[in-house]
Structure formats: structure tokens, C-alpha cells
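Working notes, structure below.
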Amino acid sequence: MTTLLLLALAVPVAGAVFIALLRKNPNAREAASLVTAGVLFAIVLRIYRAVSGGARPEVTLAEPLPGIRIALEAEPLGVLFALIASFLWIVTTAYSIGYMRGHHEKNQTRFYLFFAFAIASVMGVAFAGNLFTLFAFYEVLSLATFPLVTHAGTDAAKRAGRVYLGILFSTSVVFQLLGIIWVYAVAGTVDFEPGGILRGNVGAGLVPILLALFVFGIGKAAVMPFHRWLPAAMVAPTPVSALLHAVAVVKAGVFSVLKVTVYIFGFDFVAETGASVWLMWAAAATIILGSLVAFTKDNLKARLAYSTVSQLSYVVLGAMLANGLGVIGSGMHIAMHAFGKITLFFCAGAIMVAAHKSEVSQLNGLGRRMPVTFAAFLIGTLSIVGLPPTGGAWSKWFLGVGSVEAGQIGLVAVLMLSSLLSLAYLLEIPIRGFFGKEGEGAHGAHGDGGASGEARAHADGSAPGHADRGGSHDAHDPAHAHHGTHQDAHAHHGAPRWSVAAITVTAAACIALFVYPEPFYRLMTMVTGP
Amino acid sequence: MSAHLPILQVVVPLLAAPFCLFLKRGRVAWGLAVLASWAALAIALALLDQVMREGVLSYAIGDWAPPIGIEYRVDVVNAWVLVIVSGIGAIVSPYAMASIEREVEAGRIPLFYAAYLLCLSGLLGITITGDMFNVFVFLEISSLSAYALIALGQARRALTSAFRYLIMGSVGATFIVIGIGLLYVMTGTLNMADLAQLLPEVWDSRTVKVAYGFLTVGFCLKLALFPLHLWLPNAYTYAPSAVTAFMASTATKVAVYMLLRFFLTIFGAPFSFDVMALDRVLLPLALVAIASMSLVAIFQVNVKRLLAYSSVAQIGYMILGLSFATVTGLTATLLHLFNHALMKGALFMAMGCVMYRIGSVHINAMAGLGRRMPWTMAAFVVGGLSLVGVPLTVGFVSKWYLILGALERGWWPVAILVLLTSLLALVYIWRVVEAAYFRDFPGDEQTREAPWTLLGPTWALVALNLYFGIDAGRTVQIARQAAETLMAGISP
């Protein structure tokens with residue numbers, strides 16, 4: 001059993017080695033990526049079976065400091081996160097093959113290599129057995145994703161990379177690490193234990209401070225005002241934005257918040273001390289402000305990024321509610337938002353590759369040319385908003401009920417308001433796509449003959465003023481001048497075949513999770529206990 | 001044989017030094033220096049092992065029993081420092097061959113190795129001796145040879161830097177010898193263990209307090225505590241690369257050791273902390289050193305100078321640990337002695353590799369080097385991460401105990417300052433990383449990776465940075481035991 005845990009870490013690393021070795025042969029290299037992803041998912045699935053059967057496999061790798069171990073342990077919450085990340089890695093790999101080739105990205109080997117490293121660190125975060133291990137893999141994840149964020153190598157990418165690493169590192173070092181050492185100083189251990197380790201060790205006055213050190217110190221959870229790195233990271237190629245900045249990295253953040261709340265503080269203890277009340281409102285503020293900023297973004301990826309900022313705080317909010325229902329809703333939202341948001345990013349990427357459109361205002365009428373993509377976008381939107389028949393409905397339900405139980409009726413209003421806001425700013429896209437009239441700016445969706453118009457659209461896209469808004473997608477570049485000749489090879493609606501397949505899978509999953517949310521729900525009830 | 005290890009520790013490099021002068025050929029002198037350095041490391045490790053198992057070792061030189069004769073006294077504290085100094089010597093000396101041949105005139109190379117071995121034996125002597133005046137003698141041996149080593153640098157500014165260091169160093173040594181003299185006047189003994197017994201009787205005398213003051217200033221000059229650090233940046237910048245790597249990892253560490261030995265073993269923790277308020281004097285200086293020197297480092301364009309300012313800041317961390325006046329704080333200090341030697345050694349050696357190939361360590365000259373010299377720059381990155389204190393490197397271990405010490409005292413603003421300044425370290429390391437990896441290489445297309453004779457030792461240190469970051473159990477145990485020894489004062 002413990003070997004499975006080690007394999008979950010070793011397989012992506014081994015995959016990275018194969019990717020590097022096969023760099024001369026792109027087809028073999030991508031096959032290696034796919035196989036690795038598949039094997040990893042199979043491993044996580046076996047861990048899932050064992051854990052849902054009640055097993056808690058654990059293994060200690062090293063003991064850097066006396067009493068501080070690098071240890072892996074599988075428990076339900078971590079398994080939930082690992083399941084989502086490893087499954088979506090398969091889908092994203094398939095999507096990337098279409099995207100990276102269709103988009104003529106450079107340095108593709110480096111891209112797949114660091115992608116595999118990032119997934120390895122995500123597995124480390126998911127299965128971390130104590131705070132120290134979590135912190136170590138958290139930092140490795142920041143480092144491993146840095147080359148992906150700056151993939152384009154342009155000045156804008158470099159600047160974004162600085163913001164990305166700067167915010168993630170400073171919050172984690174100044175707040176999170178201080179919190180960890182503080183926990184160790186008062187509790188004498190940093191191990192994750194059911195029910196937490198702080199009860200009886202800390203005065204009630206210190207708990208809110210410690211909790212805040214974690215909520216803000218885990219910068220990957222993007223609670224305002226430490227959210228700027230996420231829009232900045234959107235300069236990366238779309239598959240990176242899709243898997244890492246809608247699923248793996250950001251979910252590693254909110255997952256860590258949830259895990260610390262449950263296994264270090266113990267959510268009962270948090271509720272008793274009232275430590276989280278003001279943090280609930282910090283999360284609520286992020287939810288509303290994130291949505292409002294998303295409204296102002298015309299760049300599609302930037303809009304999605306702010307939507308993510310807003311949605312991540314749902315998970316934080318669920319943890320801060322500090323009751324069983326809130327925690328269940330929080331964990332379910334990690335899953336539901338992952339599937340919804342990755343679908344939206346996949347669609348954004350497909351639109352970019354096939355039609356070279358990056359701004360919402362350019363999407364008029366495009367839905368008729370790319371019906372699958374825009375239909376998937378609609379499904380993803382519904383799931384993010386939390387409407388049936390999509391999985392998102394479940395997590396919103398539990399979060400709402402959890403708020404009521406916590407006696408915070410105001411938060412229910414926040415949740416509803418934010419749902420309306422996200423409905424408005426996301427629904428604009430499929431509506432424009434299906435019902436909008438194709439204006440002057442939006443011709444040549446097939447990429448045939450529209451080369452000069454495209455070049456103009458792209459020059460706009462990478463203008464400096466635009467980059468400041470953080471979300472511009474100037475990850476691609478001169479390659480566009482000659483895209484026209486390649487477009488014919490693509491599927492009938494313009495997007496690469498691999499990518500369409502990936503979009504279909506995640507959109508279908510959004511609906512499937514409405515009918516069958518059982519596995520995630522059961523895992524979360526194991527976390528909250530009977 | 002093993003009974004004579006304490007004296008051999010000093011005598012082996014000391015006797016090897018003059019032989020280097022007779023050997024006219026540089027490579028032969030180098031071979032002898034390497035042999036002597038490794039022998040010194042072997043002896044130091046044997047001593048540490050023996051002390052950990054059997055407790056304090058006392059060696060009477062020439063069989064003259066202390067306190068009349070000179071005593072060499074080894075406990076966990078100085079065995080630990082001996083390992084640090086000789087370990088760095090053992091790694092830097094193989095590295096020196098290629099680096100020195102590039103940076104020093106051929107005729108002076110045997111002189112270089114003679115000076116290096118003298119410096120090494122001086123530092124080891126300061127550490128191992130149990131006699132106060134002997135400390136001063138070895139201090140002069142190591143300092144004079146250090147001035148010579150620095151003056152061997154290529155740039156003409158090496159001469160003025162060495163001269164400046166000479167002046168400041170001599171002032172420091174003079175203050176120390178005055179302090180020692182005053183203590184001798186009051187007690188009539190030079191033996192440290194003896195002094196520790198006799199001093200409590202004369203605690204109240206003004207002479208002892210004046211001696212304490214002289215010693216404080218002298219030590220702080222030698223260990224380059226802000227604001228007495230002015231000699232250090234130039235000396236490190238213009239010395240030959242191998243010398244910088246060696247000195248940065250050893251000389252200031254030994255000065256910190258002297259301070260600990262005098263103030264905690266001889267005067268005793270109660271006198272230092274309760275009567276003289278040493279902790280309250282050092283705390284603000286350490287905090288200012290950490291914050292201001294890290295900031296200054298950010299604005300340097302010469303990477304060796306950048307690392308030199310960073311060293312002054314890092315010395316601040318060591319003194320900060322001392323100023324907590326707790327076992328945890330001292331553990332952090334003693335750990336950081338070792339850990340900082342590993343990280344700064346690795347970083348300066350990486351800079352030596354750069355110097356070897358492109359003849360400059362200016363940040364602009366290093367543009368694009370990440371592709372030209374991947375191993376060198378990778379070593380710099382790992383060493384840099386260690387300096388920042390990323391988990392699984394030695395830097396993290398130091399930081400962990402330093403913050404734990406601060407929280408134990410309830411000084412959370414200090415903890416936050418330590419964390420914030422580690423971000424400053426990230427900034428100045430990042431500037432180099434960005435130059436090396438994100439800018440285009442402007443220079444000669446022929447520039448290649450440094451030879452393995454340089455890379456091997458550099459990566460050996462890098463590997464140690466990682467090894468002792470992943471498995472710090474042993475080093476923490478030694479450091480804690482040493483800290484407890486220091487806090488407990490001398491055992492009768």
C-alpha cells in the first residue's frame with residue numbers, strides 16, 4: 001500500500017525523464033506523457049479504493065529535523081484532490097497535444113517536462129502527512145510552474161513571472177512558514193491529525209491570528225489582497241492556465257487551507273473559538289470583488305482568471321464556516337469547480353487556436369462555427385454558477401446550507417449575489433457566440449484568408465497597456481503570421497481534434513457529477529466524520 | 001597517536017606551510033596543501049567523534065600541566081568549529097589549483113599555498129586552544145596570512161582592500177589583546193578553564209568590565225558585525241576566488257566562535273547576559289545588520305560584492321541567535337555557522353567558476369550564462385535557494401531554529417523580520433538568476449562550462465547543502481549539545 005503512495009510521486013517524475021529522453025520524437029514524447037498520466041490515475045484510483053475502505057497508508061521518507069518528517073499519508077481529502085488532479089492531467093495532456101501543435105509553441109519538451117514535475121508536486125501536496133511536507137511540496141510546485149508561466153520568454157511573461165513567484169513566495173515564507181513554526185512551537189508537532197492538534201495548546205486569542213497566517217499565507221488560495229499572481233499567470237499557454245491555474249495549483253492552495261483547518265485546527269475548535277468569523281467575510285469580499293472585476297475584463301482568459309479568484313474563495317469560505325456541511329461543500333467545490341473551470345479554459349484555448357480570438361467582444365457569431373466548443377462553454381458556465389443539471393449545484397447547495405447552520409444569513413446572500421454575477425459575465429460568451437452578429441472584427445474564423453485581420457487583433461492583444469491588466473494572452477507571437485496554412489488540417493469546426501475530445505470529456509463530466517456526485521460526497525463525509 | 005590528535009590538528013598544516021615554500025613547483029605545493037587539508041579534516045572528525053562519545057579532551061602541550069603550560073581543550077563546541085574550518089579547507093584546496101593558476105602569477109603560487117596553510121593552521125589553532133594568549137598568537141598568524149592571501153588578487157584594488165583589512169584587523173586584534181591583558185592582570189592566569197573559575201570573584205571590578213568592553217569591540221570587528229564590517233566587502237570582492245570562498249566560510253565563523261568561547265565559557269552566560277546585558281547590546285546590531293546589509297546587497301552589480309554584503313547580513317543571523325540568550329537561539333547560531341559555511345562556500349565557488357571562464361563577476365557580464373555554463377549556474381541557484389532558506393536545504397534548518405528561538409522568547413516581530421529579510425535574499429539571488437537565464441549571452445561564443453576540477457568541489461558543497469537540509473538530525477544534535485555546553489559554562 002505504501003508503495004502506491006511512493007509511486008504516485010515517482011511516476012510523474014519518471015514520466016518527466018522519459019519526456020526528456022524522447023525529446024527528438026514528438027509523437028513518442030506525447031505518448032509518454034499520456035501513458036504517465038494514465039498510469040498515475042490508475043495508481044490514485046487504487047489508493048482511493050483502499051482509503052474509502054478505511055485504510056490510511058503512510059510512509060516516512062526522511063526526517064530533516066528531529067520530529068519533523070517528510071511523510072506521505074493518504075486520507076480522504078487528499079485522495080479527492082489527487083483523483084481530480086490526476087484525472088484531469090490525462091485530459092489536459094490530450095488537449096495540450098492539439099493546442100501546442102496547433103499553436104506552434106516553442107520548447108514543447110520543456111513544457112511537458114515541467115508539467116510532469118508540477119503534477120508530481122501536486123501529488124506531494126495531496127498526500128502530505130504533515131505541515132512541513134505540505135509546505136515543501138507547495139514551494140516546489142511554485143518553482144516547477146514558474147518555467148510554464150514564463151514559457152513565452154517575452155518581457156511580459158518575465159514580468160508576470162516575477163509577480164507570480166514574488167507573491168507566492170513572499171506570502172508562503174512570511175505568513176505560512178511563520179504559522180507552521182508557531183504551530184510547532186506551541187503543539188510540539190506538525191502532523192495532520194483528525195480533530196486537529198491545537199486544542200488545549202493555544203489560547204483563544206492566538207487562534208484567529210494563526211488561522212489568518214494560514215489563510216493569507218497560502219497565497220495559492222488567492223484570497224484578496226494576495227490574488228494578483230493568478231491573473232498574471234494567464235500569460236502562460238492555455239493548457240497551463242487550464243490545468244494548473246484552474247485546477248492543480250489553485251486547488252493546491254484551497255486544499256491546503258481546508259486541510260489545515262480540518263487536521264491542524266480541527267473545525268470544531270475553530271467554530272468554538274470563533275476564530276474564523278472575520279475570515280469568512282474576507283473570503284466573501286473576495287467572492288464579490290472577484291466577480292465584479294471579472295465583469296470589467298474583455299480578455300477572455302483574464303475574465304476566467306478573476307472568476308477563479310472569486311470561486312476559490314467559496315472553498316475558503318466553506319472551510320471557514322467550520323461546520324460539517326461547510327467542509328463538505330468546500331471539498332465538493334474543489335471537485336466541481338475544477339471540472340467546470342477547466343472546461344471553460346479548454347474552450348478559451350480552442351477559440352484562440354481555431355479563430356485567434358482572445359477578447360470576449362470578438363466572439364460574436366463564433367458559436368455557429370464552433371458549436372461543440374460553445375456548447376461545452378455553456379455547460380461549464382452552468383456548473384460554475386451552480387445550476388442543475390451540473391455538478392456545481394451540489395457544492396453551492398452544501399455551502400449555502402453550511403452558511404445557514406453557521407448562522408450567517410448574510411453569507412447566503414453573498415453566495416446568491418455572486419451566482420448571479422457569474423451567470424451574467426460568463427453567459428455573455430455563449431450568448432455572443434450563438435446569437436451575436438459577426439461584426440467586422442470577427443471574420444475569418446476558419447483562419448483562411450483572414451491573416452491580416454488576425455495580425456491586427458493580435459497586435460492589440462499584446463500591447464503593453466493590455467499586459468498590465470494581467471490577463472492578456474500574448475503567450476504566442478510571431479507564429480501567427482503563418483497560421484493560415486495550417487488551419488485546414490484541423491477538424492471541421494476549426495479546433496484541433498485532440499482538444500475537442502478533451503472539451504467533450506470535461507463537459508460531460510460536469511453533467512455526470514450532477515447525477516453521480518456520490519464518490520466525492522462519500523470522501524468528504526469521511527473527512528467530517530459521522 | 002590518537003592521544004596526540006589535538007596538537008596534530010594544528011601542527012600538520014603549520015609544518016606543511018614552510019615546505020610549500022621550498023617546493024618551487026606550484027602543482028607540488030598544491031598537492032601538499034590538499035594532503036594537509038584532508039589530514040586536518042580527518043583529525044577534526046576523529047576529535048568530534050571522540051568528544052561526542054567521551055566528553056571534554058584536554059591536551060597538555062609538552063606535558064606541562066595546565067594552568068602553567070598551554071592546554072588544548074576540545075569540547076563539542078570547538079570540535080564542531082574545527083570540522084567546519086577543516087572541512088571547508090578540504091573542499092576549497094582541490095578547487096584552488098585551477099582557480100589560482102588562472103588568477104595568481106605562477107611564481108607566487110607556492111607562496112599562496114604557504115599562506116593558505118598558515119591561515120588554516122591559525123584558524124584551527126584559535127579554535128582548539130584552551131589558552132587565552134595562545135588565541136591571540138594564532139589570531140595574528142591567521143590574520144597576517146589572510147592579508148597576504150587577499151593581496152594576491154588580480155585587481156590593484158586588492159592591495160588597498162588588503163591594507164584596509166590589515167588596519168581594521170590590527171585594531172581588532174589590539175583590542176582583543178588589551179582585553180586579554182586586563183583579564184591576566186586581574187586573575188594571574190591565561191588558561192581559560194582556570195579563568196572561568198577565578199573570574200566570578202572579581203566580577204564587580206571595573207577592570208573586568210572594561211576588559212569585556214575591549215573584547216566585545218575586538219571580536220565584533222573580527223567577525224564583521226555591523227557597523228564594524230567595513231573591511232569585509234572589499235576584501236571579499238578583490239581577493240582571489242578560492243581565497244574568498246575559504247575566508248567567507250571560515251574566518252568570520254572562527255571569530256564568532258571566539259566571541260562565544262570568551263563570553264559564555266570564560267565569563268559565563270550569567271555574567272554576559274545578566275550583568276553585561278550582552279544580548280541587549282547585540283540584538284539591535286544584529287537586526288540592523290540583517291535588514292540594512294540585505295538591502296545594500298540588492299543594489300550591488302558585482303556578484304562577489306553582493307555575496308559579501310549578504311555575508312554581513314548572515315553574520316547578523318548568527319549574532320541574533322546568540323542575543324536570544326537561550327539554548328534554542330544558540331543552537332541556531334551554531335547551526336548557522338556550519339550551514340552558512342556550506343552555502344556561501346558553494347556560492348563563492350560558483351563565482352570562481354564564472355571568473356575562470358569570463359574573467360568577471362559583474363552581473364551584466366553574466367547575462368545568458370545559464371545556457372553557457374549550466375552546471376555552474378545550477379550550483380549557484382541551489383546555493384542561492386539555500387541562502388534564501390527554501391525547505392530541504394540547510395538554509396531552512398537555520399531559519400527554522402532561529403524563528404523557533406524568537407517565538408520561544410515571544411519576539412514575533414523578530415520572527416517576521418527574519419522571514420522578510422529572507423525574501424530580500426530571494427531578491428538579490430533572483431537578480432543574478434534572471435540575468436543568467438533570461439538575458440541573451442552577449443559574449444564570446446567559445447565560452448564553455450568550467451573544468452571539472454572546479455565543478456567537482458563546487459558540487460560537492462552543493463550536495464552537502466542538500467544532504468544536511470534533508471537529514472539535519474545529526475547536525476542539529478551536535479549543535480544543540482554544543483549550545484547546552486556553552487550555556488552551562490565550563491565543567492570543573
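On a predicted model such as this, the values are computed, not experimentally measured, just so you know. Chain letters run A, B, ... following the sequence lines, proteins first and then strands; every chain starts at 1.
Atom CG of residue A:L177 and atom CD1 of residue B:I416 lie 11.5 Å apart, to the nearest 0.5 angstrom. To the nearest 0.5 Å, atom CH2 of residue B:W412 and atom CG of residue A:L213 are 10.0 Å apart. Within the model, atoms CD1 of A:I181 and CG of B:L419 stand 6.5 Å from one another, a figure rounded to the nearest 0.5 Å. In this structure, B:I470 CD1 and A:I70 CD1 are separated by 6.0 Å, a value rounded to the nearest 0.5 Å. Interatomic distance, CG of B:L420 versus OG of A:S170, reported as 9.0 Å (0.5 Å rounding).
By number of non-hydrogen pairs under 4.5 angstrom with chain A, the leading residue of B:F438, B:Y437, B:Y401, B:W430 is B:F438. The candidate with the highest count of non-hydrogen atom pairs below 4.5 Å against chain B, out of A:L165, A:I68, A:V174, is A:V174. Each of B:L404, B:D471, B:V476, B:T475 has some count of heavy-atom pairs under 4.5 Å with chain A, and the biggest count is that of B:L404. Contact count against chain B (heavy-atom pairs under 4.5 Å) is highest for A:L65 among A:I180, A:V186, A:V140, A:L65.
With a 4.5 Å cut-off on non-hydrogen atoms, A:T150 touches chain B through its side chain but not through its backbone. B:F396 touches chain A through its side chain: at least one heavy atom from C-beta onward sits under 4.5 Å away, while N, CA, C and O do not. If you measure heavy-atom distances from B:L407 to chain A, the contacts under 4.5 Å come from the side chain alone. For chain B, the nearby part of A:F132 is the side chain; its heavy atoms alone come within less than 4.5 Å. With a 4.5 angstrom heavy-atom cutoff, B:F468 does not touch chain A via any of its atoms. Only the side chain of B:E434 has a heavy atom closer than 4.5 Å to any heavy atom of chain A.
Between B:W400 and A:F135, the distance separating the two ring centers is not shorter than 6.0 angstrom.
Residues A:E139 and B:L385 are not in side-chain contact: their nearest non-hydrogen atoms beyond the backbone lie 4.5 Å or more apart.
For B:W375, the CH2 atom is loosely surrounded, since the number of other residues' heavy atoms within 6.0 Å does not exceed 12.
When every heavy atom of A:P64 is checked against every heavy atom of B:G469, the shortest pair comes out as CB-O, 3.5 Å.
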